[in-house]
Amino acid sequence: AAAAVASALGVAGLAAGAMALGARRRATPQLSVRALLVSDELTDVTTDNLLALHGGRSVSAAGRQHLREHVSRSLLSIDGELERQQPEAHQRLGRLEVSEEHRSSVMRILRKLGDSRMVALEQAVSRAVEEDTRLGGDSGSLQRRLSEALAPGLR
């Protein structure tokens, strides 16, 4: 679910960028932000990122398909919740077009979240935060734990 939310946030960032650019380029058919949110492409990238977050373990084709279906349902659920809670925003996202250049850029960024170095960083930060929480630390102890966890990767 966290990866689906991260992907949805990536699409939200895309929406903000598209709104900032306005309707300057219309030479090629475009995809709406909402259509991208529920697209097969975003579903596949999110599925791959989830697999990477869980150690990049090899998984059977059936297991990957099962996970992909779960991701698809999660993204559709996010879309449905947005429609229910923010119907005007949902409609705007359905009208807001994304250029091929922006779509490619967002997908490239989201794919990087599945990179082994990003996964290792996320896991190191998560472990440091969990340990600090478990031990009842403060901001200073968290900062120290994060520094210790991240120092080996900076060498």
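- The two residues Ala128 and Leu146 have their closest heavy-atom pair at CB-CD2, 3.8 Å.
- In this structure, the side chain of Ser77 does not engage the main chain of Arg73 through any donor-acceptor pair within 3.5 Å.
- Residues Arg34 and Glu97 are not paired through a salt bridge, judged by the lack of any N-O separation under 4.0 Å between the basic side chain and the carboxylate.
- No side-chain heavy atom of Ile78 sits under 4.5 Å from any side-chain heavy atom of Glu83.
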#### Entry: Derivation of the side-chain contact (heavy atoms from CB on, under 4.5 Å) call for Leu93 and Leu37
CA-CA 10 Å; Leu93 292 177; Leu37 174 64; over 6 Å; no

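- Note on Ile109: it does not cluster hydrophobically with Val33, by side-chain heavy-atom contacts below 4.5 Å among ILVMFWY residues.
- Of all heavy-atom pairs spanning Ala124 and Leu150, the tightest one is CB-CD2, 4.3 Å.
- For the atom pair CG of Leu76 and OG1 of Thr43, the computed distance is 7.0 Å after rounding to the nearest 0.5 Å.
- Using a 4.5 Å heavy-atom cutoff, the side chains of Met107 and Arg111 are in contact.
- Enclosure of atom CD in Gln85 by more than 12 non-hydrogen atoms of other residues, nucleotides or ligands within 6.0 angstrom is indicated.
- Listed by chain and residue number, Ser141, Leu142, Arg145 satisfy the side chain to side chain contact (heavy atoms under 4.5 Å, CB included) test with Asp132 (two or more places apart in sequence, or in another chain).
- Using modelled atom types, one finds a donor on one side chain and an acceptor on the other under 3.5 Å when comparing His102 with Ser99.
- Side-chain atoms of Leu36 and Ser32, non-hydrogen and from C-beta on, never get closer than 4.5 Å to each other.
- Taken from CG in Leu113 to CG in Leu53, the straight-line distance is 8.0 Å, to the nearest 0.5 Å.
- Atom CD in Gln143 sits 10.0 Å away from atom CG in Asp138 (nearest 0.5 Å).
- With hydrogens and angles disregarded, a donor-acceptor distance shorter than 3.5 Å links the side chain of Asn49 to the backbone of Gly114.
- A salt bridge links Asp40 with Arg68; the closest basic N to acidic carboxylate O contact falls under 4.0 Å.
- Salt-bridge check for Glu100 with Arg103: passed, with a basic side-chain N closer than 4.0 Å to an acidic carboxylate O.
- The environment of Glu69 atom CD is dense: over 12 non-hydrogen atoms of other residues, nucleotides or ligands sit within 6.0 angstrom.
- Checking side-chain atoms of Ser74 against main-chain N and O of His70 turns up a donor-acceptor pair under 3.5 Å.
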### Task
Using the side-chain contact (heavy atoms from CB on, under 4.5 Å) rule, take Leu51 and Leu67 through it: C-alpha gap first, then chi angles, then the decisive distance, then the call.
CA-CA 9 Å; Leu51 289 170; Leu67 177 60; 3.6 Å; yes

### Message
For a side-chain contact (heavy atoms from CB on, under 4.5 Å) check, start with the C-alpha distance between Leu75 and Asp79, then their side-chain angles and the critical distance, and finish with the verdict.
### Response
CA-CA 6 Å; Leu75 291 170; Asp79 181 60; over 6 Å; no

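- Side chains of Glu122 and Ser126: a donor on one and an acceptor on the other come within 3.5 Å.
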